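Reading through the structure tokens given below for one structure.
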Amino acid sequence: MAMLRRFPITCWKNFQVGLLNEQLVFLSRSLHKSAASEALEIPATAEEAMSGRLVQPAAAETDDKQSTVSETRIKSLTEMPGPNTLSNLIEFFWRDGFGRIHEIQLEHTKKYGKIFKSRFGPQLVVSIADRDLVAEVLRAEGVAPQRANMESWHEYRDMRGRATGLISAEGEEWLQMRSVLRQLIMRPRDVAVFSDDVNKVVDDLIKRVDCLRGQQSDGTSVMNVNDLFFKYAMEGVAAILYECRLGCLENNVPQKTQDYIAALNLMFSSFKTTMYAGAIPKWLRPIIPKPWEEFCASWDGLFKFSIIHVDNRFAEIKAQLQRGEEVKGGLLTHMLTTMEMSLEEIYANVTEMLLAGVDTTSFTLSWACYLLAQHPDVQEQIYAEVTQTLGPGTVPTADNVPRLPLIRGLVKETLSRLFPVLPGNGRITQDDLVVGGYFIPKGTQLALCHYSTSMDNENFASASEFQPDRWVRKEATDRVDNFGSIPFGYGIRSCIGRRIAELEMHLALTRLIQHFRIGVSPLTTEVKAKTHGLLCPGAPINLQFIGRENLTDSSL
Amino acid sequence: MALVTAVRRLAQVSLREYSRRRTAVSCWGGWQAAERSFSTGLQPLRSDNKVMVHFVNRDGEKITVKGSPGDSLLDIVINEDLDFDGFGACEGTLACSTCHLIFDEDVYKKLGPVTDEEMDMLDLAYGLTETSRLGCQICLSKSLEGMVARVPESVTDIRQSKDGSS
């Protein structure tokens with residue numbers, strides 16, 4: 001399910017564009033949270049820029065008398081600061097910049113400011129690392145915003161005769177599919193009905209943790225928790241998207257599923273590198289054929305996996321209908337029985353959701369557990385909230401989550417702030433805009449630098465600290481969120497899987513906290529983030545899961 | 001799952017409505033049509049028992065319309081073809097805050113509980129006030145008879161007015 005979330009906008013951009021955007025530089029200034037209304041008001045410079053959205057650049061050239069009235073003079077892109085092309089190439093190719101995109105984003109923001117340009121080959125990217133400018137850009141969106149140039153995705157689909165899904169489609173085609181899918185999986189109340197399905201997967205997750213730690217000599221350690229959460233997320237996707245279980249979390253994983261896991265793991269990881277395939281000009285392919293070949297092979301594998309499962313369900317439905325039985329089911333059944341989208345479109349969307357929904361969720365769960373282990377006091381606070389709210393042993397559902405504000409805060413603090421799985425988002429401007437005092441022509445690739453804005457002290461006090469309670473509202477009018485932290489994006493092209501991903505994470509984390517005290521393993525030192533398409537752990541995270549039943553009852 | 005299916009069936013109806021309307025109407029009109037039938041599908045229509053609502057648009061004009069109990073304010077805007085530019089972009093799926101409305105304090109208190117998801121989206125609303133809510137989350141009831149809902153100034157309007165004056 002996470003799939004869903006990622007697949008929307010956010011996700012993807014980062015992929016393909018991301019690479020271009022790598023520079024995603026980011027950075028930021030802006031107000032502080034409770035200032036929601038201020039945020040809305042938008043600081044002077046921003047407001048000016050916005051108002052001048054369609055202003056002709058000509059008006060700008062004449063008056064540059066005083067820098068204090070900078071908003072009256074609209075600057076051109078050539079005046080925008082940024083790293084030069086050569087140093088950028090060196091940064092990325094000789095200094096492993098691809099793995100440090102999030103750090104480069106911060107560095108560039110510090111060096112060049114809240115808005116700057118960079119070139120990646122022929123691609124010009126304007127990076128926006130300011131909360132209020134990000135808000136302006138997103139609020140000015142039209143009915144079918146575009147994230148990035150998806151040419152390589154389209155080329156693959158044309159070559160194989162496949163349809164586009166929500167990530168790769170644009171314009172009218174995108175709008176039609178989005179309108180179908182959002183009515184199915186975007187409203188929190190529609191997604192809440194998946195609680196039971198998700199909880200069955202969480203049951204297996206808890207059992208699996210128990211089993212894994214039992215295999216270690218200390219009886220508590222689980223090595224490389226991301227491997228575990230990858231299987232959890234994949235099982236969750238299968239449960240919702242394919243309406244079947246794969247058995248990823250069983251002690252004896254079926255051979256077929258083992259093959260799937262291995263293949264998908266490979267695909268996800270090669271995807272991140274082959275995303276660069278789109279950045280390599282076509283004419284270079286005969287000389288450097290590998291990225292494109294791997295890109296195609298990855299897609300072949302993802303499509304194959306989805307098609308097998310969709311076809312299985314389709315065959316079951318047909319058989320049921322032939323027997324005159326009533327057909328009941330969830331998301332996939334609905335899509336297959338109503339055919340609001342063609343079968344090819346269903347294949348494409350399910351495939352793109354699979355791509356979007358597995359490692360995004362697993363990385364976030366890994367980071368959340370890592371942060372909990374490093375902050376035992378915060379963990380105890382959350383544990384106290386969970387036990388007080390639910391009582392011992394109650395299995396949480398979506399209905400309980402509103403009464404677990406620290407669990408929501410934990411996910412937000414992990415995903416929105418410290419480890420945004422997509423460190424940057426992309427947009428291609430569909431109009432001429434004036435942003436931050438610069439004229440940005442229609443068709444420009446923008447990189448919205450979420451990593452930088454979420455780490456900005458002006459947006460979040462003590463930004464580098466892990467404080468899930470910063471998201472807890474004292475009352476309904478207390479404002480805590482802001483554009484400095486929008487991991488799922490905002491608006492019509494935001495992550496469609498958001499609510500499903502949140503449900504998967506809320507239910508899994510609540511239950512893990514109920515069952516275990518999560519501790520740092522002596523086998524793990526500090527783990528840093530690395531950009532590999534997504535922001536992922538740079539080394540295996542090994543943690544201890546100490547059964548709560550073994551603890552003294554003083555904490556209860 | 002049965003519930004999901006039921007919900008989806010409603011969604012389907014709305015989409016059909018959406019595509020039907022869409023050919024004749026602009027994009028926004030299309031979205032709104034979809035939204036409307038979706039919500040009305042969830043609540044029985046009681047045409048004899050309408051609730052009066054006054055909207056104040058961005059130009060300060062008062063527009064008085066009627067809606068059925070159970071309809072959301074977004075439904076009404078769509079049903080009545082009220083022209084509030086960019087209103088309800090995500091069709092009430094809590095992915096944006098474009099159906100942001102501002103209420104008088106006494107009305108605000110009667111609007112019922114706010115969900116976390118709505119609060120999160122409100123945080124991202126332009127021109128937020130202490131008595132702001134999202135129109136897609138407010139359902140009409142008899143006790144709201146005669147309520148006033150103010151459409152806040154939009155980003156777009158600011159742009160246009162400045163453009164116009166310059």
Side-chain angles (χ1 to χ4, degrees), chain A residues 33 36-37 39-42 47 50-55 59 135-136 138-141 143 175-176 179-180 182-184 186-190 193-194 196-197 328-331 333-334 338 340 401-402 405 408 473 476-483 486 488-492 494-496 498-499, chain B residues 1-5 7-12 14-16 18-19 22 26-28 30-31 34-35 38 86 89-98 108 113-132 136 152 154-156 158-163 165-166:
Chain A
K33 57 190 208 165
S37 46
L40 307 165
E41 255 154 62
I42 298 189
E47 187 168 26
M50 186 167 232
S51 67
R53 180 181 178 214
L54 298 171
V55 171
E136 282 179 30
L138 294 178
R139 286 185 177 134
E141 281 184 340
V143 288
L175 213 61
Q176 301 250 10
S179 71
V180 171
R182 71 176 160 202
Q183 294 297 346
L184 306 180
M186 278 234 74
R187 282 189 185 81
R189 67 165 183 260
D190 294 346
V193 300
F194 292 121
D196 290 347
D197 293 327
K328 281 189 185 167
L331 176 62
T333 302
H334 174 83
T338 61
E340 292 158 355
V401 175
R408 295 187 87 242
R473 292 170 211 271
T477 51
D478 198 11
R479 307 265 71 105
V480 297
D481 224 323
N482 63 53
F483 276 94
I486 40 168
F488 295 106
Y490 169 79
I492 196 167
S494 62
C495 179
I496 200 154
R498 168 181 190 160
R499 302 302 176 192
Chain B
M1 276 315 176
L3 178 53
V4 181
T5 312
V7 168
R8 299 202 164 129
R9 219 167 278 137
L10 291 171
Q12 189 194 350
S14 73
L15 288 160
R16 235 178 263 134
Y18 154 74
S19 27
R22 189 154 187 199
S26 73
C27 250
W28 287 116
W31 292 128
E35 179 57 39
F38 186 74
C90 80
E91 294 185 330
T93 55
L94 280 170
C96 72
S97 38
T98 57
Y108 178 80
V114 194
T115 63
D116 291 318
E117 291 85 0
E118 182 185 350
M119 283 190 274
D120 288 350
M121 283 302 149
L122 275 172
D123 283 350
L124 305 175
Y126 186 77
L128 193 71
T129 72
E130 299 244 308
T131 56
S132 290
C136 67
S154 75
V155 186
T156 317
I158 290 173
R159 195 181 298 130
Q160 285 167 348
S161 62
K162 293 234 175 149
D163 285 349
S165 63
S166 59

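The model shown is predicted, which means the values in this text are computed figures rather than measured ones. Throughout, protein chains are lettered first and strands after them, A, B, ... in sequence-line order, and every chain is numbered starting at 1.
- Between Cys96(B) atom SG and Leu138(A) atom CG the span is 11.5 Å, to the nearest 0.5 Å.
- Nearest heavy atoms, Ala95(B) versus Ser494(A): CB-OG, 3.7 Å.
- No side-chain heavy atom of Glu117(B) sits under 4.5 Å from any side-chain heavy atom of Arg187(A).
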When you look at Asp120(B) and Arg473(A), which way does the side chain to side chain contact (heavy atoms under 4.5 Å, CB included) test go after all the steps? CA-CA 10 Å; Asp120(B) 288 350; Arg473(A) 292 170 211 271; 2.7 Å; yes

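- Using a 4.5 Å heavy-atom threshold, the side chains of Pro188(A) and Leu94(B) count as touching.
- Interface residue Ser97(B): backbone and side-chain heavy atoms are both found under 4.5 Å from chain A.
- Between Pro402(A) and Asp116(B) the shortest side-chain heavy-atom distance falls below 4.5 Å.
- Between the Arg139(A) side chain and the Leu124(B) main chain, a donor and an acceptor come within less than 3.5 Å of each other.
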